[in-house]
Each structure stands twice: as structure tokens, then as C-alpha cells.
Amino acid sequence: MRGVKLAVLGGSGSGKSGRGRAGGQPRLALAVRLLTRRFIGEYASNAECIYTKHLNVDARQIHLEIYDPCSQPRQGKLSLTDELHWADGFIIVYDISDRASFASAKALLYRIQESHIGACKKMVESAVVLIGNKQDLCHMREVDWDEGQKLAMDNKCHFSGLSVAEHYQEVVAMFTKLLRNITSNFKAKRRQVDQNQWPKLFANLSVKLAIGSGADAFYSRAG
């Protein structure tokens, strides 16, 4: 069974967990919405959580782990060191009715991008989704759809505008697409490792053959 680790990140009020602003509009734990189909109106925690679930994606069993940091604001400079090393993919959530959460999402994407280079960066880009949440609050919108799309394009990641509270099937579709991309990355990494190992194997084989041939010649002369 393949294991996949996702980190769900976003500023306070984005809708990834807990309660947002906007006149008491409840926030939703995105992970819990996927795993239980439940809408959580009031949720706040000082503890970090890892949710687990077994899923079937394209006839393959996946052991999914979803990391959701505490919903209370952190003190100090933004740091994702642990999350970057732990996660295979990232879901960045902002609230369309809160421009500050959009700025937080931009900072998070920048932090993820700057930590990866080369081929690894391309794999990470395909394993990141930017979500403009609370599309049910269009009458309170502070961040246009085009802004979300442009931010995703600038960072070469996927973009989805939805309401986690109302669009369960869209949440499932988003997770499924992300998991497909990540499992494809696993295959690409495996092929890359195999390709890097073949020259070493051939080199070792050549050395052994050369040594073997020399030994045969020595014994032949000695005879």
C-alpha cells in the first residue's frame, strides 16, 4: 500500500480549520470534510493534528496522512521546515472574503517554491494546490477569481475555487487529482533513481569483468 502525506496550510480564517471572520461565518476543517463528509462550523485548536485514511485511487490502495497545523496564530517568522521535509504534497487555502489570508497563501507558496530546485521543483509544483475557499461568500469577496488563478500560474501549481462547506464532491475531486499527481511523481522518482543506478551497475560489472579477465590470463600464463 502506497503512503502519501499531505500538509494543509493557510492563514487564520482561510477555512482550512476552525472559525473564520466574516460576521461569524464558520470555517471548516478541510481534512475532516474529506474524511467524514461532515461540515464543522466551530473548530479551533492549539494542537497539531494528523488525520489518516485508506483511499482507493485508480484501483490502488493509498494510506493517506493529512497534516493540519494548529488553528491558533503562530508567533515569529513563518517557518515550514518540518512540513517541507514531511509532506509529499501541499494544499494552500485562502478565504476569498479575506485579503490578508490571500497574502498568507502567497507567502506560503513562495516558501515552498524557494525550497526546491531543478527536477525536484517540477515535481513539487505538480503536488501543490491553491484553493480559494468560501465561494459561497461572493457577496463579501475581497479577492477576485483572476487573482487566485494568476497566483497559481505564477507558481506553476493548480488552482481551485470552491466552498468547502457546500461542495463536498469538488473537495473529493481536488484531493483525488492531487493524489494522482503525487503517485505519478513517485513513479518518476523511481525511474530517475533506476536511470542513475544503471551506469554505476554497468561500471561495477565492467570492473569485475576486467578483473576476471586479467585473472584468467594470469592463470593461463602460469600454466
Side-chain angles (χ1 to χ4, degrees), residues 1-18 27-36 40 43-57 60-94 101 104-131 133 151-152 155-160 164 171-172 174-193:
M1 181 181 293
R2 169 68 70 181
V4 176
K5 299 175 181 178
L6 299 179
V8 182
L9 306 172
S12 177
S14 62
K16 70 176 185 63
S17 60
R27 291 172 61 196
L28 175 68
L30 180 63
V32 175
R33 180 62 160 158
L34 170 73
L35 303 179
T36 70
I40 296 182
Y43 175 80
S45 174
N46 291 311
E48 298 177 341
C49 299
I50 293 181
Y51 305 91
T52 63
K53 185 178 180 66
H54 290 167
L55 298 174
N56 189 306
V57 177
R60 292 189 176 187
Q61 287 295 315
I62 292 178
H63 175 70
L64 176 62
E65 295 181 74
I66 304 177
Y67 169 77
D68 185 7
C70 61
S71 59
Q72 303 303 314
R74 294 182 179 181
Q75 298 296 323
K77 185 179 178 181
L78 174 67
S79 175
L80 293 175
T81 304
D82 292 339
E83 290 88 338
L84 287 170
H85 283 90
W86 180 85
D88 300 309
F90 301 89
I91 299 174
I92 310 300
V93 189
Y94 70 89
S101 73
S104 295
K106 185 181 296 187
L108 287 165
L109 287 171
Y110 176 78
R111 180 70 181 85
I112 292 170
Q113 292 291 339
E114 71 172 358
S115 65
H116 297 86
I117 58 174
C120 182
K121 183 175 181 179
K122 289 185 178 180
M123 290 183 182
V124 170
E125 288 168 350
S126 67
V128 178
V129 176
L130 175 66
I131 294 181
N133 188 28
L151 180 59
N155 289 275
K156 297 181 176 62
C157 67
H158 303 280
F159 174 69
S160 178
V164 178
V171 170
V172 173
M174 179 273 298
F175 270 99
T176 301
K177 183 176 181 179
L178 180 57
L179 290 173
R180 285 194 180 113
N181 290 339
I182 293 172
T183 53
S184 294
N185 287 345
F186 288 155
K187 294 178 183 177
K189 286 181 181 178
R190 188 164 57 247
R191 285 196 299 269
Q192 187 175 12
V193 170

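Residues Ile62 and Thr183 have side chains in contact (heavy-atom distance under 4.5 Å, counting atoms from C-beta outward). Considering only heavy atoms from C-beta on, Leu151 comes within 4.5 Å of Leu109 through its side chain. In this structure the side chain of Ile131 never reaches within 4.5 angstrom of the side chain of Phe159, judged on heavy atoms. With contacts defined as side-chain heavy-atom distances shorter than 4.5 Å, the pair Leu64/Thr52 does not qualify. Looking at heavy atoms from C-beta onward, Lys156 lies out of side-chain contact with Val128 at the 4.5 angstrom threshold. Between Leu55 and Leu179 the shortest side-chain heavy-atom distance falls below 4.5 Å.
The CZ atom of Phe90 sits 9.5 Å away from atom CZ of Arg111, with the distance rounded to the nearest 0.5 Å. To the nearest 0.5 Å, atom OH of residue Tyr51 and atom CD1 of residue Ile66 are 9.0 Å apart. Separating the CG atom in Leu6 from the CG atom in Leu34 is a distance of 9.0 Å, to the nearest 0.5 Å. If you take CG on Asn155 and CG on Leu108, they are separated by 10.5 Å, rounding to the nearest 0.5 Å.
The two residues Gly89 and Ile182 have their closest heavy-atom pair at CA-CD1, 3.8 Å. Across all non-hydrogen atoms, the minimal contact from Glu65 to Trp86 is O-CH2, 3.8 Å. For the residue pair Asn185 and Ala127, the shortest heavy atom distance occurs at ND2-CB, 4.0 Å.
For Ala105, the side chain to side chain contact (heavy atoms under 4.5 Å, CB included) partners are Ile92, Tyr94, Leu130, not counting sequence neighbours. Residues that satisfy the side chain to side chain contact (heavy atoms under 4.5 Å, CB included) test with His54, not counting sequence neighbours, are Met1, Gln61, His63.
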Might you work through the side-chain contact (heavy atoms from CB on, under 4.5 Å) test for Ile91 and Leu178, ending with a clear yes or no?
CA-CA 9 Å; Ile91 299 174; Leu178 180 57; 3.6 Å; yes
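When atom types are taken as modelled, the side chain of Asn133 and the backbone of Val164 share a donor-acceptor pair closer than 3.5 angstrom.
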